[in-house]
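One structure below.
It should be emphasised that the depicted structure is a prediction, and the values quoted were computed from it without experimental measurement. Residue numbers start from 1 in every chain, and the chains themselves are labelled A, B, ... in the order their sequence lines are given, proteins ahead of strands. Below, each value reflects all heavy atoms present in this structure, side chains not excepted, and no hydrogens, waters or symmetry copies.
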Protein chains: 2
Amino acid sequence: MVQTASLHEEVVGRIRDMIVEGELLAGSHVTERAICEKLGISRTPLREAYKVLAAEGLLTLLPNRGVVVSRLTQQDVEDILEMIALLEGMAVDRLCARASEDEIAAIERLHGEMVEHFRRGERLEYFKANQAVHEAIVAAARSPQLAKVHRGLGARVRRFRFAGNVDPARWERAVREHEQILLAIKDRDAHLLQALIRTHLRNGWKIVRRQNRDELAPPLEVEPVPEPIGRRRRRKAEIA
Amino acid sequence: MVQTASLHEEVVGRIRDMIVEGELLAGSHVTERAICEKLGISRTPLREAYKVLAAEGLLTLLPNRGVVVSRLTQQDVEDILEMIALLEGMAVDRLCARASEDEIAAIERLHGEMVEHFRRGERLEYFKANQAVHEAIVAAARSPQLAKVHRGLGARVRRFRFAGNVDPARWERAVREHEQILLAIKDRDAHLLQALIRTHLRNGWKIVRRQNRDELAPPLEVEPVPEPIGRRRRRKAEIA
DNA sequence: TCTGCCAAAATTGCATGCAATCGTCGGATC
DNA sequence: GATCCGACGATTGCATGCAATTTTGGCAGA
């Protein structure tokens, strides 16, 4: 049974896609009315979606002044990728200890599809398959909490990772790294996997950084949020 | 300048407190009107708060059927604590490499306050100071992204950790572990810190598990969410 | 007594309206 | 000419209203 998402959930997905695909640029101000008209919805579900995306870190709320697409510094992206590496490390530990043969077979199948997309030079499909492999690895750890945090972090940097996948040499190397990872999974060699995954993400980051140099906020910038002109005043409303 | 939070942010804080303090029990259904009247607000900011707390994992949204306070299994709590350990491990790595002497001094000061509360047997104050120490350690890593994820995970298990702090023997031992951690911080001994923090959280978990055996959902329960009676129907609204 | 079904009540989802706040532009003052 | 001030338009924050869905209660039939 396909559980149809509520309207605001669909909106969350749509805006997330718009950010990932670059339709909404980092740092840009997103007015409610513009999106409302674009999606044909009213402001209420949109505002609910804003709150969710802000909690995820993709949007930044400016009280009384709307929202902007969050800008990430190079350091931010690096930190998030390091956290992803830690979580995937935790995932492979559990995977080696507890995954069923079926789950490992599923990972192998997804891996095969990914390699096939690589052979055909299908960049977008490869990217999605790559994501699917990483998510299957996390899923095999059988921790909903881990999967949730991992997914949230992945969403924040997906845009940059995609942009980083354009270098042909890196692409081929990434596939080779994945081959090694798959072998280590089949051997349930947790120690090796830790090292491989860490290296894999680290290598990826080098490219991401090079490709996105312009897109990313400079590391030293304190806060890319425009400062209010006047001083903020207190709200009068108080909750009981 | 104190930035007064918007109404829905205050509501988020209030509901979070209500969950942490046990006023809202895990698994209980939370109707909008009840909270609205209790806080003297209308449904709009409350619903926005719901979405944020659901994104954080404290609430679970049941489409068309309201929200329930998320129930965590023993495994969930264990997984979250392990993730916290990983993140704090990452934090101390950076702390050792980059923290200023001022930041370390601040940690030492908070640690001192915590010990003082322990000596006086002030349980709640100790608990808060303990949190402050852990947050100061993460803050010294100077990664807003890391801090954000760490804070989110901490919120999800705060309730259980507090309940776990009632065992006198564990309490004293926790303080001793903190003493060791502080020393390792002052020595900037990242390797030792990793081990200490991991052990510290693991020891805490043993008590948490024992104390909260009733509160936590049993590990094998698939989904604690009450099943709908009728089948779900499709929504008719579609976004453009 | 139990089951199935239908209608009423309760609750949620979304749209709209109004008040408060913010940004801008024009004019007065120094 | 620059700065400060105030009013206007635009935008956000919150409250309320209506439609849709779920839940409940009762009743008929087995």
Seminar exercise, completed: B:I41 CD1 to D:dG13 C1', in whole Å, measures 13 Å
Exercise. From the list C:dT16, D:dT12, D:dT21, which nucleotide is the closest neighbour of the side chain of B:N64?
Worked result: D:dT21
Problem set entry | Nucleotide D:dA10, atom P - distance to CG of A:L62 in whole Å | 21 Å
Seminar exercise, completed: By nearest-nucleotide position on DNA chain D, the 5'-leaning member of A:V30 and B:S42 is A:V30
Exercise. Considering only side-chain heavy atoms of B:R43, which listed nucleotide, D:dC18, C:dA15, D:dG13, is closest?
Worked result: D:dC18
Exercise. Taking atom CD1 of B:I19 and atom CG of B:L25, what is their separation to the nearest 0.5 Å?
Worked result: 10.5 Å
For this session: In whole angstrom, give the distance that lies between atom CG of B:L46 and atom P of D:dA15.
Result: 10 Å
Exercise. Rounded to the nearest Å, what distance is computed from the CD atom of residue A:E48 to the C1' atom of nucleotide C:dT12?
Worked result: 11 Å
Problem set entry | Heavy-atom donor-acceptor pair, A:S70 side chain to A:G57 backbone, under 3.5 Å | yes
Exercise. For the pair made of CD1 in B:I35 and C1' in C:dT12, what is the distance, rounded to whole Å?
Worked result: 15 Å
Exercise. So, B:E103 side chain and B:S100 main chain: donor-acceptor pair closer than 3.5 Å or not?
Worked result: yes
For this session: Using distance alone, with no hydrogens and no angle criterion, decide if B:R156 and A:Q145 have a side-chain donor and acceptor under 3.5 Å apart.
Result: yes
Problem set entry | Gap between atoms CD and P, on A:E9 and C:dT12 respectively (whole Å) | 16 Å
For this session: Would you mind telling me which of D:dC14, D:dT23, C:dC14 lies closest to the side-chain atoms of B:R65?
Result: D:dT23
Exercise. At under 4.0 Å, does any side-chain N or O of A:R47 touch on OP1 or OP2 of D:dG13?
Worked result: yes
Exercise. So, the side chain of A:D76 versus the backbone of A:T73: is there a donor-acceptor pair under 3.5 Å, distance only?
Worked result: yes
Problem set entry | Nucleotide nearest B:E32 when distance is taken to its side chain, options C:dG13, C:dC14, D:dA15 | C:dG13
For this session: Calculate the interatomic distance between A:L39 atom CG and C:dC14 atom C1'; express it in whole Å.
Result: 14 Å
Problem set entry | DNA chain C: 5'-proximal contact among B:H29 and B:T44 (nearest heavy atom) | B:H29
Seminar exercise, completed: Rounded to whole Å, CG of A:L59 lies from P of D:dT12 at a distance of 13 Å
Exercise. Quick one: is A:R33 getting a side-chain N or O under 4.0 Å of the D:dT11 phosphate, OP1 or OP2?
Worked result: yes
